[in-house]
Amino acid sequence: MTNTEIAAVFDQIADLLEFKDSNPFRVRAYRNAARTIRDLPESMAEIAADPQRSLTEISGIGKDLAAKVATLIESGSLPMLEELLEEIPESVLAILRVPGLGPKRAAALYNELQISTLDALREACQAGRVRELKGFGAKTEAAILQGLEIASQAGQRMLWYEADQHAQLILAHLRRCPAIEQLEAAGSYRRGRETVGDLDFLAVAGDAAAVMDHFARYDGLAGVLLRGETKMSARLAAGAQVDLRVVPAESFGAALQYFTGSQAHNIELRRLAKDRGLKINEYGVFRGKKSIAGRTEEEVYGTLDLPCFPPELREARQEFEWAAAGELPRLVELGDVQGDLHVHSTWTDGLATIEEVAAAAKARGLKYVAITDHSKRVAMVGGLDAKRLRQQWAEIDQLNKRLRGIKVLKGIEVDILEQGGLDLEDDVLAEADWVVASVHYGQSQSQERITRRVVEALENPHVSAIAHPTGRMLMQRKPYEIDLEAVFRAAREHGKMLELNAHPIRLDLDDVACAAAKHHGVPIVIGTDAHRIEGLEMMRLGVQQARRGGLSREDVGNTRPWGQLKKVIGKHG
DNA sequence: GCCGTTTTCGGCCCGACTGTTTTCAGTCG
């Protein structure tokens, strides 16, 4: 059983316990465990199988939860969950997802009106039966109906890239408000999460009402959800919720820290503050009633002798341990990246010529760019056979003679064939500067077969890296099944790298996988998989995910000059 | 259910906003 699956079980138990009105701290223990396990850079099954180790070494996993994890790994199921599900139908959990409905109200609906499905809930609201319940009223009933609408429509998280487009427009609008003195985007958007649920903005202004009035005039708003003295929430026509908070300047740092989160990071931070007799809230750090910090984030963290964590690390994973040990990594930065190792050209399905790609890469400050078009198996886009590939490389050789300040690498994205083996002969691959191997076909094969195909590719001396190693080719589609631990082991054994593919809808190596690669000692390289020159911009996304995985410059292969990288992958010619 | 340089029991982050209340519970982030 994978970490993700174990985490899903614990999350479901937390939902069910919450619904049953169990001890909220017990619920939190399950949720914390779920989050910790989901984010863990190594497999729980491997830790459990290691006689030298114990699952209880993981913070938040005690004797009880360790036993439950062991049961899940051995049997694939958990008696406790089965019992809970006999008691409570699974469909009631959907009710908890309706905005405005939490465990208390959902339980009241279930116990008093026997409502266990969203359809039944809608009918009961329309019939006016919900308003009869104690603690409910006509407004609550209407809010539930609206919440049902939202839940059924979108309610989904946006890709960071989409969130960025909305955020930039909203920031531009807010900057035109004369009352605003300081302005920042916060939340998971600022932390660079792969997907973003809602957008958070923070402003400093003397006149909060003026800021809210200005925000309410933003074109893209569908409506205002709530508005108070300091806080306002609205919904974009595009569906996403936007929260705006207005604070005084002396609280800006504390508020920015608070609204950037994550929630788990904040809980840990406040716990540490409590240990020192301090209290942290969004207005500042307090000793008794006296504020001792709040203007900047550095000040706030400084009161606890902590560094101002890069937002990407604020997930309550390892950042506090790192800081305590003085081992906070110096995270990789966009400016560290020297080359893009995955770009397509007009030779297959790209829209830019090799020369255009080279010019665009140089303009972005890169020193090298690998042209990695598809091999012949990808016939749909005119994948290259040995003959055409050598023609392309001849063109690249000619181009390199003329170009200054940028080197074009002779690369190929070679297909890992369904039956195993690669789509081009070794003698051709041997002539390439950079060979990235990908699974495009036979994605529905068993985990064993796909893993074997990828591990075989890693054993090929001419392969430099594997792209799409997790099978998350498209977020909308189910990833293929692969034993990532086996891939890490093979990559390390053969000195290969894994590619973080930074296409906006194909972040195929997420932050947890980046951290896992680092944990297993496997370097990452970042490629954009650009099909047009604008696609090179996506390197930013890749770097962001790598930072979230805690990767430093040394952990990312293409922060090295090409001459050095070439030696690492064993290309000496 | 977890955790421990005061603790193996008694804590567990903190505040804004709304609706249904007559002082506060529920939800959210």
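Chain letters run A, B, ... following the sequence lines, proteins first and then strands; every chain starts at 1.
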- note: A:Glu18, atom CD; B:dA25, atom P; distance rounded to Å ~ 18 Å

- Query: Which part of the nucleic acid, if any, lies within contact of A:Lys279, taking any heavy atom under 4.0 Å across all strands shown: a base, the sugar-phosphate backbone alone, or nothing?
  - Reply: sugar-phosphate

- Message: What is the separation between atom CG on A:Leu244 and atom P on B:dC17, rounded to the nearest whole Å?
- Response: 11 Å

- Identify whether any heavy atom of A:Gln263 sits under 4.0 Å from a base atom; if not, whether one sits that close to sugar-phosphate; answer base, sugar-phosphate or nothing. base

- Task: Pick base, sugar-phosphate or nothing for A:Arg245, based on heavy-atom distances below 4.0 Å to the nucleic acid.
- Result: sugar-phosphate

- Message: Check this one for me: any side-chain N or O of A:Thr230 less than 4.0 Å away from OP1 or OP2 of B:dC17?
- Response: yes

- Using a cut-off of 4.0 Å on non-hydrogen atoms, how would the nucleic acid contact of A:Ala138 be classed: base, sugar-phosphate, or nothing? sugar-phosphate

- Thinking salt bridges, do A:Arg472 and A:Glu194 make one under a 4.0 Å N-O criterion? yes

- When rounded to whole Å, the CD to P distance for the pair A:Glu132 and B:dT20 reads 13 Å

- Note on the structure: Per nearest nucleotide of DNA chain B, the residue lying toward the 5' end, A:Gln241 or A:Glu229, is A:Glu229

- Query: Which part of the nucleic acid, if any, lies within contact of A:Asp198, taking any heavy atom under 4.0 Å across all strands shown: a base, the sugar-phosphate backbone alone, or nothing?
  - Reply: sugar-phosphate

- Message: When you measure from the side chain of A:Lys518 to the backbone of A:Gly550, do you find a donor-acceptor pair of N or O atoms at a distance under 3.5 Å?
- Response: yes

- Task: Rounded to the nearest angstrom, tell me the gap between atom CG in A:Asp243 and atom C1' in B:dC17.
- Result: 11 Å

- Query: How do A:Gly137 and A:Arg271 order along DNA chain B: which one's closest nucleotide is nearer the 5' end?
  - Reply: A:Arg271

- Whole-Å distance between B:dC3 P and A:Glu57 CD? 12 Å

- Query: Would A:Phe201 and A:Phe215 count as a close aromatic pair, with their ring centres under 6.0 Å?
  - Reply: no

- Query: Considering Watson-Crick and G-U wobble pairs with both distances under 3.5 Å, what does B:dT8 pair with?
  - Reply: none

- Task: Indicate, with a heavy-atom threshold strictly under 4.0 Å, whether A:Pro24 touches base, sugar-phosphate, or nothing.
- Result: nothing

- Check every strand shown and say whether A:Ser59 touches a base, only sugar-phosphate, or nothing at a heavy-atom separation below 4.0 Å. sugar-phosphate

- Item | Under-3.5 Å donor-acceptor pair between A:Tyr258 side chain and B:dG15 base | no

- Item | Integer-rounded Å distance: B:dG15 C1' and A:Arg270 CZ | 8 Å

- Using a cut-off of 4.0 Å on non-hydrogen atoms, how would the nucleic acid contact of A:Leu101 be classed: base, sugar-phosphate, or nothing? sugar-phosphate

- Message: Using the C1' atom as the point on both nucleotides, what is the distance between B:dG26 and B:dT21, in whole Å?
- Response: 12 Å

- Query: Does the pair A:Asp198/A:Arg235 count as a salt bridge with the N-to-O cut at 4.0 Å?
  - Reply: no

- Item | Integer angstrom distance from the P of B:dT5 to that of B:dG1 | 23 Å

- Item | A:Asp336 with A:Arg330: basic N within carboxylate O range, under 4.0 Å | yes

- Task: Could you check whether the rings of A:Phe488 and A:His520 sit parallel, tilted or perpendicular, using 30° and 60° as the cut-offs?
- Result: parallel

- Query: For the pair made of CZ in A:Phe136 and P in B:dG19, what is the distance, rounded to whole Å?
  - Reply: 14 Å

- Message: Does A:Asn266 reach a base, just sugar-phosphate, or nothing at all? Heavy atoms under 4.0 Å.
- Response: nothing

- Message: Using a 4.0 Å heavy-atom cut-off, does A:Leu226 contact any base of the nucleic acid, only the sugar-phosphate backbone, or nothing at all?
- Response: sugar-phosphate

- Message: Whether A:Lys274 contacts B:dC12 is assessed here as follows: a side-chain N or O lying under 4.0 Å from the phosphate OP1 or OP2. Is that the case?
- Response: yes

